[in-house]
Amino acid sequence: MRQTTSWIDGRPATTDSTTSGPRRSPVLDPSTGEQVAEVVLAGADDVDRAVASAVRAQVAWGELSLARRVNVLFSFRELLKGAADQLARLISEEHGKTVTDAAGEVARGLEVVEFACGLPQLLKGEFSGQAATGIDVHSVREPLGVVAGITPFNFPVMVPLWMSPVAIATGNAFVLKPSERDPSPSLLLAELWQRAGLPDGVFTVVQGDREAVDALLVHPDVAAVSFVGSTPVARHIHRVASEHGKRVQALGGAKNHGVVLADADLADAADQLTAAAYGAAGERCMALSVAVVEESVADQLITLLAERARAVRMGPGSDEGTDMGPVISAQAKERIEGLISSAEQEGATLVVDGRGARVPGHENGFFVGPTLVDGVTPQMRVYQEEVFGPVLDVVRVRDLAEAVELVNANPYGNGTAVFTSSGEAARTFRRSVKVGMVGINVPIPVPVAWHSFGGWKDSLFGESHVYGPESIRFYTRGKVTTERWPHRATAPAASFHFSGDSGR
Ligand code: NAD
């Protein structure tokens with residue numbers, strides 16, 4: 001069986017060198033319920049060793065020329081492309097999503113690497129010649145030092161790649177704490193960084209759970225923390241890391257509404273909603289989990305959605321014919337099925353019921369079938385909680401205004417979409433929703449890598465979104481130099497008074 005360890009100072013941390021136990025945790029294949037790996041969980045002293053190695057490595061890395069740093073990024077891009085298939089299979093085995101979907105996740109991560117390859121252009125400073133007589137002013141952005149990334153189970157490659165390429169390109173050392181539920185792809189990433197020529201210690205992995213996270217949050221040598229995960233943990237991370245003087249961006253959970261107006265192409269909207277609700281078994285922070293439908297077309301849309309939900313091919317992620325794999329764990333399955341039951345008890349109608357789903361030959365897999373729930377109201381638990389499973393709620397509304405009110409009253413604000421053929425309605429929706437990422441006839445509006453990704457309200461704590469231009473600022477700090485080379489003949493005399501040079 002695979003043993004997945006931390007990666008410190010350019011090599012796997014041996015079990016003997018983990019002085020904190022070591023504690024271990026099983027990694028399961030969600031399609032079979034069988035153990036495929038064991039992860040060695042880091043303790044606070046392992047985190048200390050990891051950060052110490054990162055501190056040492058960052059000094060030289062931060063001093064290396066932009067051209068040399070970017071060369072490593074270009075090599076990493078090639079190696080990542082070459083390893084895409086291997087990564088996708090590993091993701092699928094530990095996460096359960098289909099190999100094709102996992103390949104898509106690698107491709108979206110690759111985009112961020114490509115963005116970071118443009119660093120020399122992105123990091124150009126600003127210069128004001130002759131800002132005052134004989135004085136030039138220039139601004140540059142410098143690395144923070146050691147930064148940490150704490151990532152969720154649902155994108156074990158893409159989310160680390162939302163953070164690490166930009167953090168590293170801008171001259172920082174990056175310490176990754178991946179999810180303990182699918183930890184192995186992070187080690188393959190570490191090997192690829194090393195083969196690309198990244199000096200040891202600049203990319204470090206500490207495997208672990210809350211113990212490792214808490215050690216990172218209070219570590220005096222960690223300058224910034226990027227977190228992606230559930231809202232309660234995001235809130236905790238933001239509070240504790242901020243209290244310890246760190247820059248923090250903490251992305252949380254979601255409840256994304258897909259609004260279907262009566263003038264939409266209903267067949268297309270049903271196709272898009274089905275894929276966005278059940279793809280990756282609903283375990284995406286941008287999954288559409290609520291269909292908000294204008295009453296006049298609700299029955300028609302539900303008929304289309306039900307046909308499509310029943311046609312979803314459920315099975316192990318490694319089978320080519322599979323549309324939707326299992327959920328991550330037996331506990332997740334139990335929690336999701338409990339929420340479906342609560343909807344039924346609270347008066348909703350289960351149009352398609354995915355409880356008790358079985359896949360022949362995979363009886364111990366953690367499968368939940370596609371579920372379609374009609375007559376959902378905002379008071380029901382299935383609406384209030386993030387289900388993070390293959391469950392699509394249908395809420396009926398009178399019109400666009402009521403749809404917008406519903407979206408805006410929700411505490412989350414990650415993503416949303418509207419399906420319509422009216423430009424005017426789309427524009428009203430786009431301008432009035434209090435949500436960070438909006439799709440117009442696009443169900444999952446994850447921005448391309450040269451825009452930044454982030455939600456509003458309980459979906460993000462801190463002000464910076466991830467990747468794209470905002471990440472360049474997040475991983476650097478400004479330095480402004482005001483410069484004067486006095487010529488005795490022309491320079492103004494030294495003054496005791498604070499003054500400008502505008503002639504006023
Ligand atoms: P999670 O919050 O349980 O775990 C995320 C990370 O935090 C993991 O590395 C985990 O080990 C660590 N962690 C868990 N509990 C902790 C605690 N009490 N203290 C400190 N660290 C802790 O999330 P998950 O189940 O791995 O991922 C699913 C969640 O992530 C969903 O809520 C989903 O919406 C969210 N998510 C959000 C985005 C986004 O961009 N907003 C993207 C992906 C996933």
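In each ligand, atom 1 is the first atom listed, and ligand 1 is the first ligand listed. Because only heavy atoms are used, hydrogens play no part in the values below, and waters and symmetry mates are left out as well, while side chains stay in. Worth saying up front: this structure is predicted, and the values here are computed from it rather than measured.
Taking the six-membered ring for Trp and thresholds of 30 and 60 degrees, His362 and Phe367 have ring planes more than 60 degrees apart, a perpendicular arrangement. Ring geometry for Phe153 versus Phe388: interplanar angle over 60°, hence perpendicular rather than tilted (30 to 60°).
The residue Thr231 has no part lying near ligand 1, judged by heavy-atom distances below 4.0 Å. When non-hydrogen atoms are compared, ligand 1 lies under 4.0 Å from neither the backbone nor the side chain of Ala234. Under 4.0 Å from ligand 1, the heavy atoms of Trp162 that appear belong solely to its side chain. Under 4.0 angstrom from ligand 1, there are no non-hydrogen atoms of Ile328. Contact annotation for Glu386 and ligand 1: only side-chain heavy atoms (C-beta onward) come within less than 4.0 Å of the ligand. At a heavy-atom cutoff of 4.0 Å, ligand 1 is contacted by no atom of Glu283, backbone or side chain. Within the 4.0 Å heavy-atom criterion, the part of Ile150 lying near ligand 1 is the side chain and not the backbone.
Salt-bridge check for Glu38 with Arg24: passed, with a basic side-chain N closer than 4.0 Å to an acidic carboxylate O.
Proximity of atom 4 (O) of ligand 1 to the protein is not indicated, since no non-hydrogen protein atom lies closer than 4.0 angstrom.
Interatomic distance, Gln384 CD to Ser342 OG, rounded to the nearest 0.5 Å: 10.0 Å. The CD atom of Gln3 sits 9.5 Å away from atom CE of Met1, with the distance rounded to the nearest 0.5 Å.
Set against the non-hydrogen atoms of Val213, the atoms of ligand 1 under 4.0 Å away are 20 (C), 21 (N). Interface of Glu180 with ligand 1, defined as ligand atoms under 4.0 Å from a residue heavy atom, comprises 10 (C), 11 (O). If you number the atoms of ligand 1 from 1 as listed, the ones under 4.0 Å from a heavy atom of Pro178 come out as 9 (O). In summary, the atoms of ligand 1 found under 4.0 Å from a heavy atom of Lys177, numbered by their order in the structure, are 8 (C), 9 (O), 10 (C), 11 (O). Atoms of ligand 1 found under 4.0 Å from any heavy atom of Asn154, numbered from 1 in the order shown, are 43 (C), 44 (C). Atom numbering of ligand 1 starts at 1 in the shown order; those under 4.0 Å from a heavy atom of Asn414 are 41 (N). Taking a cut-off of under 4.0 Å to the non-hydrogen atoms of Ser179, the atoms of ligand 1 that pass are 9 (O).
Which of Gly252, Ser230, Gly253 comes nearest to atom 37 (C) of ligand 1 through a heavy atom is settled by distance: it is Gly252. When the options Cys285, Gly149, Pro152, Gly229 are ranked by their closest heavy atom to atom 35 (C) of ligand 1, first place goes to Gly229.
Phe227 CE1, 3.4 Å is the protein heavy atom nearest to atom 7 (O) of ligand 1. Of the protein's non-hydrogen atoms, Val233 CG1, 3.6 Å is the one closest to atom 22 (C) of ligand 1. Regarding atom 25 (O) of ligand 1, its nearest protein heavy-atom neighbour is Arg181 NH2, 2.8 Å.
Side-chain contact, Thr274 with Arg308: no donor N or O sits under 3.5 Å from an acceptor N or O. Between the side chains of Tyr383 and Ser289, no donor N or O sits under 3.5 Å from an acceptor N or O. Residues Glu94 and Ser184 bring a donor and an acceptor atom of their side chains to less than 3.5 Å of each other. Counted by atom type alone, Gln249 and Ser471 present zero donor-acceptor pairs between their side chains at under 3.5 Å.
By the 4.5 Å heavy-atom criterion applied to side chains, Leu288 and Asn256 are counted as neighbours.
Residues satisfying the side chain to side chain contact (heavy atoms under 4.5 Å, CB included) test with Leu122, not counting sequence neighbours, are Phe115, Ile472.
Taking the six-membered ring for Trp, Phe227 and His236 have ring centres at least 6.0 Å apart.
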